[in-house]
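Working notes, beginning with the structure itself.
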Amino acid sequence: MSVKMQRRLFTLQEYHLMGEAGIFGEDDRIELIEGEIVQMAAIGTRHASCVNRLARRFSLIPEDLATFAIQNPVKLTDRTEPQPDVVLLQPRADYYATAHPVPSEVLLLVEVSDSTVDYDRDVKVSIYARSLIQEVWLVDLVENCLEVYRQPSPNGYSLMLKFWRGQQVAPLAFPEFEVSVDFILG
């Protein structure tokens, strides 16, 4: 006789309560994805270097135009709170001290991927589209390219552009702010 196993999905409130209760360690690299607590991959040196370069470049955007966050939570739904590598946010006077950003406040979200590229592309980018995040960049360190996702809908992004070494790209929110793919990839 076969027994059907059921998974226990968590809400964002339960997830935060577990953190407050000390169930997760300070150094645990986890995020809540569609009710599941997912362990994030360790950050390798190339991944970290790419995030550092993006942080350096985006730090040049005036703070009255955007706040940038590095590996901080974004509340997408009551069951999903990922920690993308880099996010450009609408400026807020409290610098997001009172609440994590929500999709309408995200100007650009960037995931840097090496060992998790398939998961990031197939799972997380789809969630970002359903959440109507206007623009997502997926830095694919395996293929050495940048995938840019725009025009979100509940069914995915209508537009995906690939940029390679030697090319420039600019976020929709800052079209004059070009970034070299060579600089992003290192």
Going from [atom1] on [X] to [atom2] on [Y], what distance comes out if it is rounded to the nearest 0.5 angstrom?
X	Y	atom1	atom2	answer
Met160	Leu138	CE	CG	9.0 Å
Ile61	Arg57	CD1	CZ	8.0 Å
Leu76	Ile33	CG	CD1	7.5 Å
Ile127	Asp120	CD1	CG	10.0 Å
Ile43	Cys50	CD1	SG	11.5 Å
Leu88	Phe177	CG	CZ	8.0 Å

Next on the checklist: One pair to check against side chain to side chain contact (heavy atoms under 4.5 Å, CB included): Leu32 and Leu12. What are the steps and the verdict?
Outcome noted: CA-CA 7 Å; Leu32 186 67; Leu12 196 53; 3.9 Å; yes

Next on the checklist: Are more than 12 heavy atoms, taken from residues, nucleotides or ligands other than Arg8, located less than 6.0 Å from that residue's CZ atom?
Outcome noted: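 Enclosed: over 12 neighbouring heavy atoms sit under 6.0 Å from CZ of Arg8.
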
Checklist entry - If you count the non-hydrogen atoms of other residues, nucleotides and ligands that lie under 6.0 Å from CG in Asp78, is the total more than 12? => result no

Checklist entry - Does the side chain of Pro91 come within less than 4.5 Å of Leu65's, by heavy atoms? => result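 No. Closest side-chain heavy atoms not under 4.5 Å.
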
Checklist entry - Is the shortest heavy-atom distance from the side chain of Phe68 to the side chain of Leu54 under 4.5 Å? => result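 They are not in contact (no side-chain heavy atoms under 4.5 Å apart), so the answer is no.
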
Item to check | Phe10 backbone acceptor or donor facing Arg79 side chain under 3.5 Å | outcome: yes

Checklist entry - Is there a donor-acceptor pair under 3.5 Å between the side chain of Thr116 and the backbone N or O of Ser113? => result no

Who pairs with [X] by side-chain contact (heavy atoms from CB on, under 4.5 Å), at least two apart in sequence or on another chain?
X	result
Ala170	Glu178
Asp118	Arg121, Asp122
Leu172	Glu135, Arg150

Next on the checklist: Between Phe24 and Ile37, does the side chain to side chain contact (heavy atoms under 4.5 Å, CB included) criterion hold? Intermediate values first, please.
Outcome noted: CA-CA 11 Å; Phe24 311 127; Ile37 299 169; 3.7 Å; yes

Please give me the minimum heavy-atom distance between [X] and [Y], naming the atom from each residue.
X	Y	value
Leu185	Asp140	CD2-O, 4.4 Å
Pro73	Pro101	O-CD, 3.5 Å
Glu111	Leu109	CG-CD2, 4.1 Å

Next on the checklist: Assess the residue pair Tyr119 and Val38 against the criterion (side chain to side chain contact (heavy atoms under 4.5 Å, CB included)); give the C-alpha distance rounded to whole Å, side-chain angles, the decisive distance to 0.1 Å, and a yes or no.
Outcome noted: CA-CA 11 Å; Tyr119 178 79; Val38 176; 3.9 Å; yes

Hey, quick one: are [X] and [Y] part of the same hydrophobic cluster, counting side-chain heavy atoms closer than 4.5 Å, chains of contacts allowed?
X	Y	value
Phe174	Leu159	yes
Val51	Leu89	no
Tyr128	Val106	yes
Val136	Phe58	no
Ile133	Val86	no

Under the side-chain hydrogen bond (donor to acceptor under 3.5 Å, both in side chains) rule, what pairs show up with a residue in [range], not counting sequence neighbours?
range	result
residues 83-110	His47-Asp85, Glu63-Tyr95, Gln71-Asp85, Arg92-Asp94, Arg92-Glu105, Asp94-Thr98
residues 156-170	Arg165-Asp182
residues 19-38	Arg7-Glu36, Glu31-Lys124, Glu34-Arg130

Checklist entry - Going through the distances and angles, do Phe163 and Val179 end up as a side chain to side chain contact (heavy atoms under 4.5 Å, CB included)? => result CA-CA 11 Å; Phe163 293 86; Val179 182; over 6 Å; no

